[in-house]
Structure formats: C-alpha cells, structure tokens
Amino acid sequence: MTFLRTIKNAVVPAGARPRTVQAGAFRGIRLNLDLRSESQFYVGLMERELYPWLQRLSRGARIAVDVGAAHGEYTLYFLMKTAAERVFSFEPDPLMVERLLVNLRLNGLEGNRRLELCTKFLRSEEGPDQVTPAWLAERILGPCLIKIDIDGPEAELLRSAAALLTLPDVRWLIETHSVALENECIAILESFGYAVTIVRNAWWRAIVPELRPLEHNRWLVATK
C-alpha cells in the first residue's frame with residue numbers, strides 16, 4: 001500500500017479544493033477535499049458500507065441529528081438528500097466548524113433555516129460549552145435519525161441519553177472505536193428495547209482500507 005500511495009502522491013496534486021463527490025450516498029455534494037488523503041470521499045468509498053443503512057434510516061425522518069459533524073458530509077446529506085424538517089449539527093472543534101462552514105457555503109446552505117449548528121459538546125451535564133441529551137430531546141420529533149461519531153465517549157453519551165432512548169421512533173447510527181466500547185453501546189441500546197445490527201467492514205477493505213489510526217472501527221445501527 002505504501003508503494004501505491006507513493007504513486008498516487010506523485011500523480012495527484014497536493015492541497016484541498018472544492019470537488020463534487022462522484023458516487024455513493026454523497027454523490028453531487030460539494031466538499032473541500034485534498035485527494036491525496038481524501039480520495040475515498042471523492043469516489044464514494046468512504047464509509048461505503050453504511051450507505052444502504054443511511055438511506056433506509058433517513059427515509060421519512062422529520063428530524064436528523066449529526067453528533068460529531070466534522071467536515072459536515074452527513075449534515076449536508078441530511079439537508080440535501082432527505083426531507084428532514086430540522087437538522088441539528090453538533091461540532092465543538094473550531095477548526096472543524098470552519099471546515100463545515102466552508103462546505104456549507106460550497107453547497108449554498110450556509111444559514112439554511114432547516115439547520116441548527118451547535119458548537120457545544122453533547123454531554124451528560126449542562127455547562128458553558130455543553131448541552132445534554134435532555135435538551136435535545138425537547139427539540140425533536142419522530143421519526144428521528146441520530147448519527148454519532150465522537151471518537152470515544154459514545155457509551156458515556158448513551159448512558160445519559162434516556163430522554164432520547166425512550167422517545168418513539170428514534171433511529172441510531174453510532175460509530176465505535178473498540179470492541180469494549182461496541183459491546184457497551186450494544187448493551188445500553190438493548191436495555192432500552194432496541195434491536196442492534198453491527199455494520200461490518202466489507203471484505204474489500206483488505207484491498208482498499210480506510211487507513212484509520214485505530215484497529216477497530218465500525219458502525220452500529222439501532223432501531224425499535
């Protein structure tokens with residue numbers, strides 16, 4: 001893979017610039033991408049295993065929530081490819097917020113009335129830079145899709161999310177980063193009556209890996 005990466009870096013120019021995603025669930029969405037490190041976004045392979053679930057679970061959703069929005073591809077998906085009446089996008093990292101705003105502008109969606117961008121953490125306790133799941137639960141209606149990708153505290157968030165977990169017709173997409181964390185999230189979700197499916201990495205990831213820094217990285221789907 002190092003040899004192939006060397007060839008790609010020799011052919012592909014460095015630097016991010018606006019590009020239109022060519023395939024997959026994000027097809028047609030404009031993102032500021034550096035093809036040396038983000039080519040899988042461009043060709044539609046990034047998190048490709050999740051796409052059928054994303055399309056299925058977002059169907060009919062009135063509210064969509066993107067917890068850990070980062071560059072904002074899921075926020076943009078919810079705004080551009082679903083009929084969600086309201087999209088909540090949580091991203092507390094100032095650098096990522098700036099990148100998210102750039103991508104919103106590229107798609108003509110900065111200041112969109114359906115979007116509520118929250119630059120606070122979604123955590124168990126209220127604070128100057130935090131809001132709670134109970135705060136969010138007061139603002140959503142079902143059907144609702146909640147996507148979580150926060151690099152570690154997923155189980156901690158779920159443990160404090162009874163106000164969300166007890167709402168009718170909330171659907172969950174949760175990225176986990178260790179076996180222990182995955183098992184803990186499953187146990188919490190099942191204790192609230194959810195059926196949980198593990199979205200396993202495709203066989204072809206042995207050939208086209210996502211090159212993430214963690215060995216264990218996959219998604220959970222939870223529905224009632």
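The shortest side-chain heavy-atom distance between Ile29 and Glu73 does not fall under the 4.5 Å cut-off. At least one side-chain heavy atom of Val221 sits less than 4.5 Å from a side-chain heavy atom of Leu173. A 4.5 Å side-chain heavy-atom check between Leu115 and Leu104 finds at least one atom pair inside the cut-off. Side chains of Asp149 and His177 form a contact here, defined as non-hydrogen atoms less than 4.5 Å apart. Side-chain atoms of Leu164 and Val170, non-hydrogen and from C-beta on, never get closer than 4.5 Å to each other. Residues Thr176 and Ile198 form no side-chain contact, since every pair of their non-hydrogen atoms from C-beta on lies 4.5 Å or further apart. Between Leu145 and Val65, every side-chain heavy-atom pair lies at or beyond the 4.5 Å cut-off. Side-chain contact check for Lys147 versus Val67: every heavy-atom pair is 4.5 Å or farther apart.
Under a cut-off of 6.0 angstrom, the local environment of CZ in Arg105 is crowded, with over 12 non-hydrogen atoms contributed by other residues, nucleotides or ligands.
For the atom pair OG1 (Thr197) and CG (Leu189), the distance works out to 11.0 Å, reported to the nearest 0.5 Å. The distance from the CZ atom of Phe192 to the CG atom of Leu167 is 11.0 Å, given to the nearest 0.5 Å. To the nearest 0.5 angstrom, Thr75 atom OG1 is 10.5 Å from Leu109 atom CG. To the nearest 0.5 Å, the span separating CD1 on Ile148 from CH2 on Trp172 amounts to 5.0 Å. The line from CG of Asp34 to CZ of Arg19 is 7.0 Å long, rounded to the nearest 0.5 Å.
Applying the side-chain contact (heavy atoms from CB on, under 4.5 Å) test between Asn217 and each of Glu47, Glu175, Arg205, Glu182 identifies Glu175 as the sole match.
Pairs passing the side-chain hydrogen bond (donor to acceptor under 3.5 Å, both in side chains) check and including a residue from residues 129-138, sequence neighbours excluded, do not occur.
At least one donor-acceptor pair closer than 3.5 Å links the side chain of Ser160 to the backbone N or O of Leu157.
Under the side-chain hydrogen bond (donor to acceptor under 3.5 Å, both in side chains) criterion, Asp169 pairs with Arg171, sequence neighbours left out. For Asn183, there are no side-chain hydrogen bond (donor to acceptor under 3.5 Å, both in side chains) partners two or more places apart in sequence or in a different chain. Partners of Gln55 according to the side-chain hydrogen bond (donor to acceptor under 3.5 Å, both in side chains) rule, which considers only residues two or more places apart in sequence or in another chain, do not exist here. Partners of Arg99 according to the side-chain hydrogen bond (donor to acceptor under 3.5 Å, both in side chains) rule, which considers only residues two or more places apart in sequence or in another chain, do not exist here. For Tyr74, the ring pair (Phe, Tyr, Trp, His ring centres under 6.0 Å) criterion is met by Phe26, not counting sequence neighbours.
Salt-bridge annotation for Arg139 and Glu85: absent, with no side-chain N of the basic residue lying under 4.0 Å from a carboxylate O of the acidic one. The pair Glu184-Arg159 meets the salt-bridge criterion, with a side-chain N (NZ, NE, NH1 or NH2) lying under 4.0 Å from an Asp/Glu carboxylate O.
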